[in-house]
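The sequence lines fix the lettering, A, B, ..., with proteins before strands; numbering per chain opens at 1.
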Amino acid sequence: MHAETLTRNEAIPLDVPALAMRGIGKRFPGVVALDGVDLTLMPGKVHALMGENGAGKSTLIKILAGVYGKDSGTIAIGGVETELKTPRDALKKGIKVVFQEIALISEFTVAENIFLEEYPRRADGSIAWKTIRAEAKALFDRIGFAVDPAARTGDLPVSQQQMVEIARALAHEAKIVVMDEPTSSLTPKEVELLFVVIRRLTALGIAVVYVSHKLDEVFEISDTVTVLRDGRHISTKPIGEHTHDSLIHDMIGRRIENLFPRSRTGSAGKVALSVEGLSTDTKLKDVSFEARAGEVLGFFGLMGAGRTELAKAIVGYDPIRTGRITIDGTALKPHDTRTAVSLGIGLLTEDRKLEGLMLELPVQQNMSLAALSSFAKAGFVDEGSERSAVQSFVDRFRVKTPSLFQPIKNLSGGNQQKVLLARWLMRGLKVIVVDEPTRGIDVGAKSEIFALIDRLAGEGLAVIMMTSEMPELLGLSDRIAVMAEGRLTATFSREEATQERILNAAIA
Amino acid sequence: MPQSPSLSASGSASPGLARILFRRSEIGLVVALLAVILFFALASDTFLTVRNLTNVLGQASLAMIAGVGVAIVFISGEVDVSVGSLVAAVAIPLITVMNATESLALGIAAALALGLCVGIVNGFLAAYLGINSLITTLGTLFILRGGVYLYTGQKAIPDDVMLESFFQLGNGRLFEVVPYPALIAFALLLVFAYVMRHRTFGRKVYAVGGNPEVARLAGYDVKRVKFTCFIISSLLATVSGILLASRLGSAVHVAGLGFEFQVVAAVVLGGVSLSGGVGSLFGAALGVLILSFLSNGLGMLDLATEWQLVITGFIIIAAVGFDEWKRRQP
Amino acid sequence: EKMPKKVGYVVNYATHEWYQNVIKGMKDRAAQLGFEVEVKDANLDAAKQIAAAEDFMSQGVDVLIITPVNEDAVVPLLRRAKQENMPIVLEGNPVKGMTTLVAICDYDTGYHAGVEAGKYAKEHLGGKAKVMNVGLPLLSATVLRSNGFMDGIKTEVPDAVMVHDLDGGGNPDRSFEVSAAALAQNGDVNVIYGINDSSSLGGLQAWKAAGKSQDDLLVVGTGGEGLAFINAIEKEPSYKIEAAMFPEKVGFTAIDAAVKLYNKEEVPSWIVSPTTPMLGDGWKKYYSVDGNVRTINWDAVNAVKAPDKCMKTAADLKK
Amino acid sequence: MTTDTLPARKRGVSLSALTDNSQIVLIGLLAVLCIGISLAAPQFYSPDNAIAILRQCALVLIVAVGMTMLLVAGEVDLSVGASLAFTGCVAMDVTNRTHSVVLGALAALAFSGAVGLFNGLVVTRLKINSLIATIATMMILQGGVYLYTREAVQNHHLLDAFTAIGAGYVGPVPIPVIIAAVIFAVGYVTLRFTLFGRYLYAVGANLRAARLSGLRAERLKLLAFVITGLLVGVAGLILASLMNAGQPTAGRGFELTVIAAVILGGTSLAGGRGTLFGTLLGVLVLKIVDNGIIILRWNQDLQMVVPGLVIILATWLDIVRRRNDAR
Ligand SMILES: Nc1ncnc2c1ncn2[C@@H]1O[C@H](COP(=O)(O)OP(=O)(O)OP(=O)(O)O)[C@@H](O)[C@H]1O
Ligand SMILES: Nc1ncnc2c1ncn2[C@@H]1O[C@H](COP(=O)(O)OP(=O)(O)OP(=O)(O)O)[C@@H](O)[C@H]1O
Ligand SMILES: [Mg+2]
Ligand SMILES: [Mg+2]
């Protein structure tokens, strides 16, 4: 029965809206997340949902998924008004959601996660494990996704987990498929794959909601765009009526002159970080490079190339087998984050939730963590100066939060990222390693972060940036290092670097 | 890809024998159990007799039955420490009803009814009202024990009718060899291991414990799953309590003091994580067996209680420490 | 007379001083008679007690001695032992279906201590007796002691009252805690009775911690289990009476009963082990202390007469 | 949900650390208890009884200060009861041998500190879940204390200073209460205002994030275990003095009382949340319930039932309050 899921469902009429949300309102303590928002989806069309961080996109989607109850408004599916009280209701109505935060059970196999919502069963009611594995394999083959269905999900890199999530949305019949930032950690190749899948879905008459901060993707895949700002509905237009600039203007209410500002003039200074012959038991092999004060050193690599491992090894988080890391001439003790941090190196991690956020704690505690000792006199924390420092960063980065005491789990993803970046900037650093710094961040905030990185480098910081975004790599980096399978395969200067050369080195 | 129906916790049928061996902590436990048995077999000549081995199986079965339930609750991401008092409490309706009606079936029904009520209360408080389950069950642990003392006036209630069937339940042996409690324990273990692996309910328990938010998004009724786990745990503890009452021939107000520690230690030793979503019932059962054989063997060596305590403590640390170390290996 | 090769003793709670000394008495006696006693500890766990007895039976001991954690809880065990022809001596309290029991008379012990306490109250406390009973309702034996004490004291001071009836758990810190609360609620007490030494000492410590003087106070302990009471009698002015129960003698008697059972001789179903109140430094008659070791004076203890029958038993409580 | 993690101050409101509203339920409960009990039994308010209650709170509170830190850091210690008994024996024994209260006290602290260190090392180095690790330590200590001494260690030294630790007074106030008050104050300031305290919350809230931020997470946890151990030493010393003997049987169930009080005070078992003020309230509630049952001459078996009910009720009321706050 599952094999037929990808054929056109004749029962879906193409002229009735698959979904009509009208006047949706939702408030959280201290925040109006949504205020009278409309969203209409037509069958077989891709509808992009855009807006700054905290605009309310995920909230709208969670209402659609039955996760949150709405405070006001109506929802009609296929022309029939309904209530979506629980995720189960939504699933039954044929709404499949790929959430922004990965929603898989890491202890389960990939195949089991695919069928989490409804296990195929045998006649006696027991779970048909063979069917599950076979169907998962068949599904993956169909969408050209090469992953072992028997692998433990938690062992997969983030990008593959995200693909598993997407595949999961296809395992059962759906009328509406919603994707909340599905590509935030996908490689370009996987994004292509995803688009093929989306086009297949629309051909079947399925309505797709697509949330992304990546303008190029939106222009490529979507038919219609709805823009939200501060929880309000700003515009809904066919994509053809938009330009890059008009879309950005709708989203943030202003124009962005230059996404990749370059104010730095001076050349790079002395060596701030030097890594020699670094190898780990798991992935890295003989990596050597230098980063200079005042430069942005970009790292590129395909998924699993080892950038995250490199980042964690340099800051002393993961053990290393051989190699020497020095900061400003002082050698680091291996596997010792504390001295690394005290010598002035910090890592903005790729996995916010697992390694960055203290979810239950307020914004203030989250932001001041790394710099806390600098607010302390004789072991006592001066909370006054701590708070004013935090407040100034909240203002500068435009972190959207009702107060400094808001538990950080209630902030939108982008705002959480800003808090974590601020965590490091509050503390004087010599080297900052940023791993996918703009993952899940809106254009406005992106340009702010880019400006910030530029300014930090201008102030003499060595910035090491691991990113999978080619434009941001080319736009910001002074030099670009490329990794493949745990080795450093090439280093280009800003002038030498082209997309082809970089990709060639990454495949090598 | 070769797929064998595996009963591992994660339900993963991993390729490659080496990976299976390293993934499945039960292998380590089996080795540990065999090591314990081998050691005592060499150290004491009365240890490795059919009579002694079956004795231990019978003795272990009470903790095993309750341990299966506690493990299920652990896997669902909650804890249940009320079992220590529950095993004593259920004996009261059991014995009282039997004394009044001379019917074992009615007595068992009464005991199960009380177990069910406790399970419902635990489950309601922990799953539906959202009170931390350690607090909830610590609370019911105290309340039940206090209730038993109040009700019995701190005296045991003797079994006046002395039904042979009741005596046999906890004291008899199949073919004069295998104690009935051991048979009951293994039957329950197999049933629930099957449920946890091959029924959707079991997988829901793992999912709910592994990541409740994800489970909710997948359309599971997280609260109801947890609620059910508490009921299962209480009912299984009731079965333990019934067998215990049969072995003690009465409702003993001090029965099961500290039983919850014993069960929790065994279950954790068996690799069932306190943080939920991880572990298997076979592991939990092996944990119980290891501790039971250890206790029996140390007794055979004529070691004083104090040495037994010290040695058991160090062995728990060594075993769990080794397990953690193994888990950290790539 | 044949001697058994090995006797197994499943003790209620081996870490308690009382049972330590019971075991000591058993081992002494068995050594005299030339055989071995092996001990397994139930550690207050009724289920563990059954398991330990099972283990003994499969190990093949000749006689089992058991101090039940709970009397009702060993009934099935006695039944199984009978099926397997395993002779059992019980220590402590009677059990349905038992062959023989070695025990002190708890009620009598409390009673005689109570009589002495009454005499002391008449002489030193102005004939008034307001008692704080640091008791243990958990066990019938300890309830009997408290009852005996009150009945005994009333023979001398008819208007003696029990001001507080506490559950001190039989351990010192709990006894301390409940006594402190009780004394704060009503401190008009001049006799503290403890069902064992931990209880009387816990009560006394609470008295001292409340800042009260020991001048008009009498403390009565029970058991004479170890060194604690000797220390208290030597150092605390109010600790005057100890109801000695001679645990070593209990062990001694139990071994003799085990030998008789092994030889299939007739044994009485209730063998009473003697007790007696010790006043002031009267303990020196029965014990001598060297450092941390106390030694029993067997001649003096064996000379103490035991009654043939107890005045009251647990069976009387149930009525 | 609102934050009740660190007592958060609202902007512009000056420091008033006690106004954290997450404790309102407990304060209310405490008021109800006090009023209820004293209506039924006026002796409840007698100075004698107040002092008896405070002294009983002292022992629990001293250890609960350490336990709160441990729970905040995401760990737990179940061995404190067994350690309490052992430490008391060590204190009495060493004082007997040396005739020095100072050496006796130091020996007690050294012993219990070492137990804390052992727990900390087992948890941080062997990476064993602290619940199971400290159950094992509990067993080892319970066995060990009987290997060390079968009998209660009697007071042979008869030093007044030793007796004063547990049973002495300064004016009308028992010395243990003063010790507990000082420890509480130091603990409160430490957890609330120092770097160490703030780091404990971070470690408990997200271990990896804390480590990546340069915190020595393992060392911080270790320190929390050692602090708890040392506080057990203080409590053990007081108990030995109060009992006038080192009792190997003491402390049964003490760990559960301590943990119950800490949890009742709103500290989360999951780490990263909790306050010492809440712990103080938790201890008071439990001990007043205990005392009330004796004062009211209720059946003492209720001393098990009522705390069970109170803990569940208080936690539930707290959930309800937070849910309402969130509206
Ligand atoms: N559970 C919650 N409690 C309180 N506030 C919340 C909660 N969830 C979201 N918010 C707030 O609601 C607003 C909308 O958040 P939402 O997650 O919908 O934004 P978004 O558009 O998806 O942003 P992003 O692009 O960063 O993912 C934000 O201000 C956020 O802080
Ligand atoms: N194909 C794969 N299958 C399974 N695990 C993989 C695979 N590729 C990488 N991994 C694991 O996933 C993690 C991701 O690798 P790492 O993060 O170092 O690479 P990266 O270059 O940073 O890639 P990413 O773009 O995902 O951040 C590593 O722990 C690695 O062992
Ligand atoms: Mg979002
Ligand atoms: Mg990476």
Side-chain angles (χ1 to χ4, degrees), chain A residues 27-30 311-312 315-317 336-343 345-349 351-366 368-384 386-387 391 403-410 420 423-424 427, chain D residues 1-15 17 20-22 72-74 186 189-220 223 267-274 322-327:
Chain A
R27 46 175 70 234
F28 293 110
K312 287 191 186 170
V315 300
Y317 188 75
D336 177 2
T337 331
R338 183 187 160 82
T339 49
V341 169
S342 65
L343 282 173
I345 184 167
L347 168 64
L348 179 69
T349 67
D351 193 334
R352 269 202 298 271
K353 209 167 192 174
L354 201 63
E355 294 170 338
L357 300 171
M358 302 186 284
L359 287 170
E360 302 289 333
L361 295 194
V363 171
Q364 171 168 333
Q365 266 81 355
N366 268 285
S368 65
L369 181 63
L372 198 60
S373 55
S374 63
F375 300 113
K377 291 189 200 78
F380 285 83
V381 178
D382 175 359
E383 291 188 30
E386 178 197 351
R387 195 172 52 251
Q391 186 64 53
S403 87
L404 303 187
F405 309 112
Q406 184 76 352
I408 199 158
K409 66 175 179 192
N410 292 346
L420 293 187
R423 175 185 287 176
W424 286 116
R427 175 182 180 113
Chain D
M1 288 211 188
T2 59
T3 158
D4 60 350
T5 48
L6 287 175
R9 282 183 277 141
K10 307 284 176 305
R11 285 178 82 177
V13 177
S14 70
L15 191 151
D20 178 2
N21 67 356
S22 74
V72 162
V186 172
V189 169
T190 306
L191 200 52
R192 175 72 181 82
F193 296 110
T194 67
L195 213 48
F196 172 68
R198 290 285 300 271
Y199 282 172
L200 285 184
Y201 283 94
V203 167
N206 187 336
L207 185 69
R208 293 174 188 230
R211 279 177 55 198
L212 272 171
S213 302
L215 273 57
R216 272 185 286 206
E218 267 69 34
R219 179 118 21 128
L220 288 161
L223 208 53
T267 298
S268 156
L269 283 162
R273 286 168 47 179
R322 275 198 253 166
R323 206 178 288 146
N324 289 339
D325 272 12
R327 293 243 162 82

Using heavy-atom distances under 4.5 Å, tell me whether [X] contacts chain D through its side chain, its backbone, both, or neither.
X	answer
A:R427	neither
A:S403	neither
A:A376	side chain
A:S342	neither
A:K353	backbone

Do D:Y201 and A:M358 have side-chain heavy atoms sitting under 4.5 Å apart? no
Can you name the side chain to side chain contact (heavy atoms under 4.5 Å, CB included) partners of A:S374, sequence neighbours left out? A:A371
Would you name the heavy atoms of [X] and [Y] that are closest together and state the gap between them?
X	Y	result
D:G272	A:L361	O-CD2, 3.4 Å
A:W424	D:S213	CH2-CA, 3.8 Å
A:Y317	D:R208	OH-CG, 3.1 Å
A:R338	D:G214	CG-O, 3.3 Å

For chain D, which candidate among [options] shows the most heavy-atom pairs at distances under 4.5 Å?
options	value
A:L359, A:D382, A:L354	A:L354
A:L369, A:N366, A:D336	A:L369
A:T349, A:V381, A:L347	A:V381

Considering only heavy atoms and a distance below 4.5 Å, find which of D:V189, D:L207, D:N206 pairs most often with chain A. D:N206
Which bit of D:L212 comes within less than 4.5 Å of chain A, counting heavy atoms only: side chain, backbone, both or neither? both
Between D:R192 and A:E383, is the closest basic N to carboxylate O distance under 4.0 Å? yes
